[in-house]
**Q** 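The structure under discussion is supplied below as structure tokens; questions concerning it will follow.
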Amino acid sequence: MKVKLEDVLEAMNFVNDDTQYYYDVKNEKVLMIFDGMIDGEDNPELIEEIENSFIEEYIPLPGQYEIDEYRIMEEFIYDLPEGRNQDTLERAIQGRGAFRRFKDRLFDLNLEQKWYDYRDCAYERIAKEWCEKYNIDIVGRLKSTYVGFGQWSN
């Protein structure tokens, strides 16, 4: 079995409560289920087959809970050098509206690109772990630009 890395990453970027993604083992492709359709086409038989099948036929891709973007934000913050940026972002993610405040503070602190590089790396790690778990070979190479924890320049 094989899958294109960019297909898994795209699915992970668009996953939400209303959209589910599965890997079709037989056809080696990612399927999107949204609004009662598969990849934009009405196919209730296939939806029922996916819902009733064993994981050997249709493997669910990582969803919101497996991705856990809040945890990724926390890891990003604690990976920053101690100081004003870390303190500001720590406060930003407390309580309601954490995601919006976090993104606003990233902009204010000129850390947007570092965040997106970090997030891309985290998503690639999750995608790779998912592929390893289900013995699926990755087609395409990982493209992370983040070098590792603690590797920040000012």
Side-chain angles (χ1 to χ4, degrees), residues 1-80 89 92-93 95-107 109-152:
M1 293 186 300
K2 63 184 180 295
V3 67
K4 291 181 183 176
L5 175 64
E6 56 268 14
D7 291 348
V8 175
L9 293 173
E10 181 177 333
M12 290 172 61
N13 276 303
F14 290 107
V15 73
N16 60 51
D17 289 336
D18 300 322
T19 308
Q20 299 169 319
Y21 291 89
Y22 291 87
Y23 176 71
D24 178 346
V25 172
K26 187 172 96 178
N27 296 305
E28 296 185 327
K29 71 177 197 169
V30 173
L31 302 173
M32 176 186 70
I33 299 178
F34 173 73
D35 200 24
M37 298 208 247
I38 295 183
D39 291 341
E41 296 182 18
D42 193 23
N43 193 337
E45 297 83 22
L46 183 55
I47 290 177
E48 186 175 333
E49 182 180 331
I50 290 171
E51 290 173 351
N52 295 324
S53 79
F54 294 102
I55 206 159
E56 290 85 21
E57 297 173 42
Y58 299 98
I59 302 170
L61 269 69
Q64 285 179 274
Y65 301 105
E66 294 85 9
I67 295 169
D68 194 356
E69 188 131 356
Y70 188 85
R71 180 187 47 78
I72 296 171
M73 289 186 329
E74 287 179 314
E75 290 171 354
F76 172 78
I77 292 167
Y78 297 122
D79 203 35
L80 291 169
L89 291 174
I93 65 168
R96 293 187 103 134
F99 290 94
R100 176 79 268 150
R101 282 192 311 277
F102 177 76
K103 291 191 178 183
D104 289 345
R105 295 302 78 80
L106 286 172
F107 179 79
L109 300 169
N110 197 29
L111 291 173
E112 288 174 301
Q113 190 58 53
K114 285 185 181 186
W115 159 247
Y116 288 116
D117 290 345
Y118 188 93
R119 183 181 172 272
D120 288 349
C121 182
Y123 272 44
E124 286 181 11
R125 184 186 74 242
I126 294 165
K128 184 179 177 193
E129 289 169 359
W130 176 82
C131 287
E132 287 172 2
K133 178 179 180 179
Y134 294 105
N135 296 314
I136 300 171
D137 293 327
I138 296 173
V139 177
R141 63 180 185 83
L142 299 177
K143 57 184 174 187
S144 296
T145 56
Y146 180 69
V147 241
F149 293 109
Q151 306 274 331
W152 296 104

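Note that the numbering runs from 1 along the sequence shown for the chain.
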**Q** Looking at Glu10 and Asp7, would you say the former's side chain and the latter's main chain have a donor-acceptor pair under 3.5 Å?
**A** no
**Q** Which heavy-atom pair separates Leu9 from Ala127 by the least distance, and what is that distance?
**A** CD2-CB, 4.1 Å
**Q** Got a second to check how far Phe102's CZ is from Glu69's CD, nearest 0.5 Å?
**A** 8.5 Å
**Q** Just wondering, more than 12 heavy atoms not from Arg71 lying within 6.0 Å of its CZ?
**A** yes
**Q** What I'd like to find out is whether the side chain of Asn13 reaches to under 4.5 Å of the side chain of Arg119, using heavy atoms alone.
**A** yes
**Q** Closest heavy-atom contact between Thr19 and Phe14?
**A** CB-O, 4.3 Å
**Q** Would you say Trp115's side chain and Met73's backbone share a donor-acceptor pair under 3.5 angstrom?
**A** no
**Q** Which value, rounded to the nearest 0.5 Å, describes the distance between Leu106 atom CG and Phe76 atom CZ?
**A** 5.5 Å
**Q** Measure from the side-chain N and O atoms of Tyr23 to the backbone N and O of Lys2, and report whether any donor-acceptor pair falls under 3.5 Å.
**A** yes
**Q** I need the minimum non-hydrogen distance between Arg101 and Ile93, along with the two atoms involved.
**A** NH2-C, 4.3 Å
**Q** Less than 4.5 Å apart, side chain to side chain, heavy atoms only: is that true for Val15 and Leu61?
**A** no
**Q** Output the distance between atom CD (Glu6) and atom CD1 (Ile138), rounded to the nearest 0.5 Å.
**A** 10.5 Å
**Q** Would you give the length of the straight line joining atom CD of Glu57 to atom OH of Tyr22, rounded to the nearest 0.5 angstrom?
**A** 13.0 Å
**Q** Taking Asn52 for the side chain and Glu48 for the main chain, is one N or O donor matched with an acceptor at less than 3.5 Å?
**A** yes
**Q** If you compare all heavy atoms of Glu75 against all heavy atoms of Arg125, which two are closest, and at what distance to 0.1 Å?
**A** OE1-NH2, 4.2 Å
**Q** Which residues pass the salt bridge (charged side-chain N to carboxylate O under 4.0 Å, His left out) test with Lys133, sequence neighbours left out?
**A** none
**Q** Is there side-chain contact between Ile136 and Trp130, with heavy atoms separated by less than 4.5 Å?
**A** yes
**Q** With a cut-off of 6.0 Å (strictly less than), are more than 12 heavy atoms of other residues, nucleotides or ligands near CG of Asp137?
**A** yes
**Q** Are Val8 and Tyr21 close enough, and set up right, to give a side chain to side chain contact (heavy atoms under 4.5 Å, CB included), and what steps lead you there?
**A** CA-CA 9 Å; Val8 175; Tyr21 291 89; over 6 Å; no
**Q** Output yes when a side-chain donor or acceptor of Gln64 lies under 3.5 Å from a complementary backbone atom of Asp17, and no otherwise.
**A** yes
**Q** Is the shortest side-chain heavy-atom distance between Ile50 and Asp24 below 4.5 Å?
**A** no
**Q** Applying side-chain hydrogen bond (donor to acceptor under 3.5 Å, both in side chains), name anything that partners Asp42, two or more places apart in sequence or on another chain.
**A** none
**Q** Do the side chains of Val25 and Tyr58 get nearer than 4.5 Å, heavy atoms only?
**A** no
**Q** Pair up each side-chain donor or acceptor in residues 29-39 with any protein partner under 3.5 Å, not counting sequence neighbours, and list the distances.
**A**
residue : atom : partner : partner atom : Å
Asp39   : OD1  : Met32   : N            : 2.9

**Q** Assess the residue pair Glu124 and Lys128 against the criterion (salt bridge (charged side-chain N to carboxylate O under 4.0 Å, His left out)); give the C-alpha distance rounded to whole Å, side-chain angles, the decisive distance to 0.1 Å, and a yes or no.
**A** CA-CA 6 Å; Glu124 286 181 11; Lys128 184 179 177 193; over 6 Å; no
**Q** Does Tyr70, at its OH atom, have more than 12 non-hydrogen atoms belonging to other residues, nucleotides or ligands within less than 6.0 Å?
**A** yes
**Q** Nearest 0.5 angstrom please: Asp104 CG to Leu109 CG, how far?
**A** 11.0 Å
**Q** Could you measure the distance from the CG atom of Leu80 to the CG atom of Leu111? Nearest 0.5 Å is fine.
**A** 6.0 Å
